[in-house]
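Heavy-atom basis, side chains included; hydrogens, waters and symmetry copies ignored.
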Amino acid sequence: MATLRVPDDVPSPNADAEAIKAALKGWGTDEKAIVAVLGYRNAGQRRQIRIAYEQLFEEDLIKRFESELSGHLERAVYRWVLDPEDRDAVLAHVALRKPNEDFAVLVEFSCIYSPEEFLGVRRAYQHRYKRSLEEDVAANTHDEFRKLLVGLVSSYRYNGDEIDSKLAKSEAEILERAVKDKNFHHEDVIRILTTRSRSQLIGVFNCYKDANGITLSKQLGEDRAANAFTEALKTVIRCINNPIKYYEKVVRNAIKKVGKSDEDELTRVVVTRAEKDLRQIKEAYHKRNSVTLDDAVSKETSGDYKHFILALLGNNQADD
């Protein structure tokens, strides 16, 4: 379930655009006023605000935000105001531009999103950057990473619930042999993980656990020869097996790093899941850490960025 709270009585897009324009006037930007509007509007409403702002004031709202806001708040607002598919295309592009291969974002989108959702991201990427996501992944990755990630972003998985039990058992045995031989980048391993439906893969993973008494991801984690590629395989498995648990861990690690690193991972999970399943992620976080995610964010972040993230986590304006 979503955490985003939209008021019952929402002002018109023109009224919201005018409120944002007023917040941007003068010597200093009124960030709290911007949060009070955008932190409580859904994707369709945000799109209408962008359109209304451009029609009323003859300037692009996103470009204005880029010039008026800064730091973590600017990145969070920028990602939130974009259409969801366009935002995810930007996140994928940012990941590919990092000096170290950052596979997590691409794995999330390709393994957690429905085939139609991810196809929308691929189309948005091509429209924005005039290149396909597949060719940029191929150009910016190497060796076994390239085979795995190109396979993931090129795939259009079947989205049904059917499980072929015989096939699941057979492919669990293929994975078992690959783990035993430490041949993690075998073409059959990549084929299975990049083409099978989510339901079929869960069946494969269950067969693996039944036969070996341990989950595939845990066995990969115990291997002394584990490296960045096996970590990528574990991320694929976790994203397919239990997206909520996966996102909880991303948030938990991000909270631990706040102040030492940056808030990009926290922002990514919150802005991409606030209108989907962030409530379940919050529940999983509370169960795992014995503290609410809201309290953790309040403690470890600050300023208007904190207020914005808390708004997307479901805090009422009166609670801030």
Checking [X] side chain against [Y] main chain: does a donor-acceptor pair fall under 3.5 Å?
| X | Y | answer |
| --- | --- | --- |
| K130 | H127 | yes |
| R196 | L201 | no |
| E275 | A43 | yes |
| T301 | S298 | no |

### Task
Treat each ILVMFWY residue as a node, draw an edge where side-chain heavy atoms are under 4.5 Å apart, and state whether I163 and V204 are in one component.
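No; tracing contacts between hydrophobic side chains, which count when under 4.5 Å, never links both residues.
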Basic-acidic side-chain contact under 4.0 Å: [X], [Y]:
| X | Y | value |
| --- | --- | --- |
| E231 | K234 | yes |
| E222 | K218 | no |
| E265 | R252 | no |
| E74 | R79 | no |

### Results of salt bridge (charged side-chain N to carboxylate O under 4.0 Å, His left out) for R47 - residues two or more places apart only
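Applying salt bridge (charged side-chain N to carboxylate O under 4.0 Å, His left out) to R47 gives D83.
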### Shortest non-hydrogen separation from L106 to L96 and the atoms involved
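Nearest pair, atom of L106 first, then L96: CD1-CD2, 3.9 Å.
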### Minimum heavy-atom distance between Y247 and E108, given as atom pair plus value
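Answer, listing the atom of Y247 first, then E108: CE2-OE1, 3.7 Å.
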Name every donor-acceptor pair, under 3.5 Å, that has one atom in a side chain of residues 7-14 and the other anywhere in the protein, sequence neighbours excluded.
from, atom 1, to, atom 2, distance (Å)
S12, OG, A15, N, 3.1

#### Entry: Test item: side-chain donor near acceptor, Y113 and D88, under 3.5 Å
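Yes, because at least one side-chain N or O of Y113 sits under 3.5 Å from a partner of the opposite role on D88.
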### Message
I'd like to know whether Y156 forms a side-chain hydrogen bond (donor to acceptor under 3.5 Å, both in side chains) with E116, so could you lay out the CA-CA distance, the side-chain angles of the two residues, the decisive distance to 0.1 Å, and finally the verdict.
### Response
CA-CA 8 Å; Y156 186 89; E116 281 299 316; 2.4 Å; yes
### Query
F103 vs F145 aromatic rings, parallel, tilted or perpendicular, using cut-offs 30° and 60°?
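Aromatic pair F103/F145 classed parallel.
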### Task
Please work out whether the ring planes of W80 and F308 are parallel, tilted or perpendicular, with thresholds of 30° and 60°.
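Aromatic pair W80/F308 classed perpendicular.
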#### Entry: K147 NZ: over 12 foreign heavy atoms closer than 6.0 Å
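At most 12 heavy atoms, drawn from other residues, nucleotides or ligands, come within 6.0 Å of this atom.
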### Query
For the side chain to side chain contact (heavy atoms under 4.5 Å, CB included) test, which of K287, R288, Q280 pairs with E248?
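By the side chain to side chain contact (heavy atoms under 4.5 Å, CB included) criterion, E248 pairs with just one of K287, R288, Q280: R288.
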